[in-house]
Each structure stands twice: as structure tokens, then as C-alpha cells.
Amino acid sequence: MAENQAPDTAPGSEPGSEPAPEPGSEPPAPRRSTVRSLLRLWPYVRPIRARLAVSVTAAMLASLSALLVPTVLGRIVDGPIAERDLDGLWAPAALLLLLGLAEAALFWTRRVVLARPLSGVETAMRGDLFAKLQRLPVSFHDRWGSGQLLSRATSDMYTMRLFLAFPLVFLIVNTVTFLVGTALMFTQDWRLALIVLGPAVPLLILTRRFEAGYSGAARRAQDQNGDLATVVEESVLGIRILKAFGRHRSMAERFREHSRQLRRTELRKAGLLANLWSVIVGLPELALGCALAVGVHLVAQDQLSAGTLVAFLSTALSLRWPVESLGWLLAYANEAATATDRYFEVLDEPEAEAAEAPAGSTAGSTDTQDGIRLTGVRFRYPDAPAGTPDLLRGVDLHIRSGETMALVGATGSGKTTLTALLPRLYETTGGSITLDGRDIREFDRTRLRELVAVAFEEPTLFSATVRENVLMGAPGADEERLLTALATAQAGFVEKLPEGVATEVGEQGLSLSGGQRQRLALARAVVGDPAFLVLDDPLSALDVHTEALVERALRQVLAATTALVVAHRPSTVLLADRVAVLAEGRIEAVGTHQELLRDSARYRELMSGEAALVPEGSTAR
């Protein structure tokens with residue numbers, strides 16, 4: 001029967017994830033028992049438990065109906081055949097036909113009843129995983145490779161769904177079938193039954209040892225698959241860099257090495273399964289041969305009827321599938337258990353805790369118009385080596401309401417990190433940040449990020465239209481605000497695109513130039529007229545002419561908001577009312593551009609020779 005055939009390949013030949021933890025890979029969690037891991041799927045299975053029960057019942061009845069066939073055959077041999085009564089064959093032959101039809105109908109029912117609800121389970125699990133990934137802090141995504149997450153949302157999900165559809169059902173059905181078949185064999189002849197069941201004890205010992213070894217290999221394979229997916233994704237997204245520097249061969253070698261590691265692990269799994277299967281198939285066949293020899297001797301001695309021997313052997317042969325399937329059913333159960341562990345490793349990750357505002361914070365409404373105030377702000381990355389100093393070591397800064405503050409500092413001084421603290425992409429290690437007198441930890445994150453708009457130095461665009469990418473900054477904005485934002489960012493190039501604002505920009509926006517991507521990211525930041533605006537060197541990819549046009553339009557936006565602008569050159573600094581110098585984890589100096597040129601040697605160094613090009617009487621705005 002098609003239902004009772006094991007697949008040609010070992011389950012889980014869907015690749016897995018990492019050999020040993022690499023940067024961006026999450027080390028495996030301590031292994032649970034297979035059963036305890038699989039029980040974690042119950043909340044998703046509970047809504048379809050009735051259909052699952054119907055599927056199991058249908059499969060069980062189909063298998064039990066197949067066990068009736070040997071009994072009918074035995075009666076045919078001892079009855080019509082022994083008595084040469086051909087007319088007496090019609091009734092048992094019709095019964096055999098009915099049993100066959102019933103078995104086929106029951107297996108059809110099993111598949112139909114379970115197919116649609118299991119697709120719903122997979123959809124729900126995938127939706128929960130994606131929603132969790134959106135809620136997890138940026139520090140989580142810093143640690144995990146994208147391929148690891150991708151493999152959990154694809155191949156691992158497929159493994160779990162297939163386990164629920166087939167191995168889970170037949171682990172139950174085959175166990176019941178084996179027990180019923182064993183009882184039938186004892187009723188037919190207890191001596192032959194003991195011979196056939198002789199290999200049971202060594203098989204149980206072997207399967208326990210197999211499970212212990214196979215679960216580790218299955219986890220390694222699934223982890224290695226995640227690493228392989230990461231390599232593929234990085235090579236596709238970075239194809240321009242690879243080609244420009246001629247590194248495609250080294251990336252190909254890296255891919256081949258990961259492929260070889262995965263191949264070795266898969267061969268290890270195949271070897272374990274082959275060893276188990278050879279014993280599972282060999283020992284029962286040997287026992288069946290012994291039972292046949294003993295049975296023939298008993299028939300010759302008139303101690304057993306030929307019909308009973310035929311019925312016994314047919315029953316024993318019917319139990320070959322439940323016994324032989326044990327190997328790959330256990331293998332797939334281990335595959336599903338490791339896939340479940342990997343899935344819940346993500347769901348079990350703690351989300352960013354709602355940090356408590358200090359007891360004496362200046363909490364309250366945002367009517368104080370106090371702007372942005374940073375008091376004693378400290379920060380270190382979670383994976384920073386022990387004993388190293390904090391990146392930010394006590395930042396004190398006040399950006400008055402309606403003021404634009406430029407932030408300058410050497411590369412690696414923590415400017416970008418500081419801008420990420422305002423919308424709470426990272427949580428401060430110490431100190432406090434307030435917006436108009438209210439601690440940012442008192443805001444709901446959704447509300448906070450409505451108030452604070454950010455344009456990052458490295459603009460990220462999504463595989464969507466220009467309109468959809470820009471309106472991520474204000475989902476409810478109308479067409480007029482969209483066009484205004486594009487005009488502010490000097491993104492007139494959009495009109496020349498094939499479908500204007502409805503043009504798909506492609507993955508990562510790679511169909512656009514760096515300057516075009518940066519202008520769309522700037523439009524996304526200003527489209528919602530945010531109360532607070534954070535710009536991380538927003539003009540770095542623009543040519544001098546376009547930069548001047550953007551600056552002119554941006555001044556109008558900055559005049560109506562409170563802004564922090566990371567700057568690396570005087571032209572950007574001149575957008576600001578005042579400038580803050582960040583050095584050694586603290587704010588070293590604050591003042592206007594001209595004041596700092598006069599009083600701060602570090603600022604003059606940061607502005608380098610370009611500072612001399614700024615007219616003596618220039619103002620910040």
C-alpha cells in the first residue's frame with residue numbers, strides 16, 4: 001500500500017544549520033527528550049485535535065482491517081480449499097474485496113481530513129515566528145544570522161508539519177497494529193508467536209541507542225543548513241561587491257565548504273539510519289524464517305493445520321510494515337523534535353523588557369516643551385568583552401525644543417549608537433533620556449516611534465513600491481504629504497521611473513543609486529512631520545549640487561521640529577543651531593560652529609581643512 005511505504009530518502013534530508021557556532025549563529029540549546037520537545041507543539045495542534053483524532057482513527061481502522069485478511073485466508077485454506085468447495089470461495093473472496101475497499105477509503109479519509117487544518121497550523125506557526133522576530137530587540141538580530149532565521153521559517157516548519165501529517169499518526173497506528181497483530185498471533189499459535197517476537201528486546205535496546213546518536217546529528221544538519229542559507233543570502237545581496245573585488249571564487253569556496261560539512265552530517269545520519277534499518281529488517285526476517293520452519297514441522301506432525309500456519313505467516317507479514325517503519329518514524333520524530341527546539345529557541349527569546357523609568361524622573365505630559373534631554377546616559381553592547389569600558393560613559397546633552405543639534409565625533413565614538421537610543425532600538429545601560437520632560441521608557445514603543453523619526457546612514461529599502469517605502473514613515477499619509485516629502489528630499493528622479501511612485505524598487509533598493517536610496521530614506525523620515533527627528537549623516541551619498549538643494553528644503557522641516565543630526569562635514573553642520581562634540585564616551589563641548597572652531601581643538605581637527613572654507617560670518621542656519 002502506498003500509505004505503508006517509507007520514503008526513499010532519510011527524513012530530514014532537508015538541510016539543517018550550523019556545524020559549530022560561527023559569528024551570527026546561535027549555539028544549540030541543551031537537548032530535550034524527543035517527546036518533551038514535540039509536546040510543545042500541542043498549543044498549535046489543540047484546535048485541530050478532533051480532526052487529528054479522526055485521521056488516527058481512520059488509519060487505525062484501515063490497518064486493523066488489513067489484519068483481518070490473514071484470518072480470512074486461513075479459513076479459505078482450511079475450508080473451501082481443503083474441502084475442494086469452489087462455490088464456498090465466493091463469500092470469503094467478496095469479504096476480502098470489501099476489506100480492501102474499506103482500507104482504501106479509510107486511508108483516503110485520513111489524508112483529506114488532515115491536509116487543510118495542518119496547512120492552517122503551519123501558517124499560524126509561521127505567523128507567530130514572524131511576529132516574534134518583529135518584536136525582538138535589535139541586539140537579537142545582531143547576534144543571529146539571517147539564514148538561521150530563514151531556515152527556521154521554511155525547512156523546519158515543513159519538517160514539523162510533515163511529522164504531524166504522517167509520522168505522528170503512524171507512530172500511534174503502528175503501535176496499536178503491532179499489539180493487535182501480536183495478540184492475533186498468540187491466539188493462532190503461541191509457540192510460533194514467541195519465535196517471531198524473539199528480536200523485540202534487542203530491537204528496543206538498539207532504537208534507544210540510535211535515538212541518542214541521531215538527534216545530535218539531526219540538530220547539526222539543521223544548524224548547518226541555516227549557515228548555508230546565510231552564505232547564499234550574503235552572496236546574493238553582496239553580488240556587486242563580490243564581482244567588483246573579484247571575490248566570487250572565495251565565496252564559492254566558502255559555500256562549498258559549508259556544503260561539504262552538511263554532506264558529511266547527512267551521510268552520518270544516513271549511516272545511522274542504515275545500520276538501524278538493516279537490523280530492524282534482518283532480525284524479524286530471520287525470526288520469520290525460523291517460525292516458518294517450525295510451523296512446517298508442526299503441520300507435518302499434525303500439530304497445526306495448514307490454514308492456521310498460512311494465517312499466522314500472513315499476520316506476521318502484515319506486521320513487517322509497523323516494525324520496519326520504526327526506524328524512519330523514529331528518525332523523523334527526532335528531526336521534528338530538533339526542528340521544534342529550533343523554532344521555540346526564537347519564540348523563547350525574551351523581548352525587550354519595558355525598562356522602568358527612575359523614581360525621580362521628570363515624568364508627566366509632553367507639554368513642557370523641554371526638547372530632548374540626555375542625562376548621564378551610559379551604554380555598552382551586550383556582547384562587549386568583559387572588562388572593556390562602556391561605549392557611552394555618561395552623556396549629558398540638552399537639545400532645546402525646536403532646536404537642531406549637530407553631533408560630531410571621530411569614527412567609532414558612538415554617534416550612530418546614540419541616535420539608536422532615542423527610539424529605543426537599544427536600551428540604555430544607565431542614565432535617562434526624556435522627550436519634552438517625559439522619560440522615553442514611559443512611552444509605549446509604538447507611540448515613541450511615531451514621535452521620533454529616524455533616517456539611518458545606510459538606507460534600507462524593501463521590495464515594494466516607492467510609495468510603500470516612503471509611507472512606512474506615516475502609513476496614513478495622503479498623496480500630497482508623500483509628494484511634499486519627496487520634494488523635500490529632492491527625490492524628483494522618482495518621476496522618471498517607469499511607473500513613478502508605483503515603481504517597485506527591488507530587493508534592498510539595489511536598482512537605485514546610493515544617493516537615490518538615501519533621498520528616499522530621508523523622505524520616509526520627514527513624511528510624517530515628526531515631533532523629533534534623528535538624522536544619521538543623511539546627505540553622505542549626495543553630490544554637492546543635490547546636497548545643497550536638499551539642505552535648502554530640509555531647513556524648513558528642521559525649523560518645525562526638534563532634531564539631532566549626525567554630521568561629518570561643515571555643510572551638514574551648518575544646518576544646526578548648535579553643535580555637540582562626542583569624544584571618549586562623553587559630550588566634550590557644545591556651542592555654535594564658530595564658537596567651537598575658536599575654542600575646541602578636537603572640533604577643528606574633526607572638521608579638518610574644510611573648516612577654513614566656511615565664511616567667517618556664517619550662522620548655523
Side-chain angles (χ1 to χ4, degrees), residues 1-7 48-118 164-190 192-193 196-197 284-285 288 291-292 295 299 304-326 329:
M1 301 235 141
E3 282 281 337
N4 293 350
Q5 290 175 356
I48 66 164
R49 60 187 182 279
R51 284 177 171 264
L52 183 61
V54 170
S55 178
V56 170
T57 302
M60 194 174 300
L61 290 174
S63 294
L64 294 179
S65 65
L67 281 179
L68 294 177
V69 172
T71 301
V72 176
L73 287 175
R75 292 185 178 179
I76 288 175
V77 172
D78 284 342
I81 292 180
E83 298 171 4
R84 302 185 184 278
D85 179 13
L86 296 182
D87 291 336
L89 285 174
W90 287 105
L95 181 57
L96 289 176
L97 177 61
L98 288 175
L99 288 173
L101 293 174
E103 185 179 3
L106 287 167
F107 275 133
W108 178 86
T109 301
R110 185 197 77 77
R111 284 188 176 273
V112 169
V113 164
L114 208 53
R116 184 182 296 273
L118 278 181
L164 294 174
F166 193 82
L168 173 62
V169 172
F170 280 94
L171 277 171
I172 299 171
V173 170
N174 289 357
T175 300
V176 174
T177 302
F178 180 79
L179 293 176
V180 173
T182 300
L184 281 175
M185 288 192 297
F186 271 100
T187 60
Q188 290 158 352
D189 191 276
W190 64 271
L192 299 181
V196 169
L197 293 177
E285 293 289 347
L288 190 60
L292 175 61
V299 170
L304 188 69
S305 70
T308 301
L309 179 60
V310 168
F312 180 89
L313 294 176
S314 298
T315 301
L317 290 172
S318 297
L319 296 181
R320 286 179 62 187
W321 156 249
V323 173
E324 291 178 4
S325 67
L326 180 63
L329 287 175

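Source: prediction; values computed, not measured.
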Would you compute the distance between atom CG of Leu192 and atom CG of Leu292 and round it to the nearest 0.5 angstrom? 9.5 Å
I need the Phe312 CZ to Thr187 OG1 distance, nearest 0.5 Å. 9.5 Å
Looking at [X] and [Y], what are the two nearest heavy atoms and their distance?
X      : Y      : value
Leu319 : Met185 : CD1-CE, 3.7 Å
Gly181 : Thr315 : O-CG2, 3.8 Å
Pro167 : Leu329 : CA-CD2, 3.6 Å
Val196 : Ala291 : CG2-CB, 3.7 Å
Pro322 : Thr177 : CG-CG2, 4.1 Å
Pro117 : Ile48  : CB-CG2, 3.5 Å

Restricting to side-chain contact (heavy atoms from CB on, under 4.5 Å), what partner residues turn up for Leu101, sequence neighbours left out? Leu97
Those residues at least two apart in sequence (or on a different chain) that pass side-chain contact (heavy atoms from CB on, under 4.5 Å) with Pro284 are Leu203, Val323
Leu164 and Leu52, any side-chain heavy atoms less than 4.5 Å apart: no
Is the backbone of Arg51 close enough, under 3.5 Å, to the side chain of Ser55 for a donor and an acceptor to pair up by distance? no
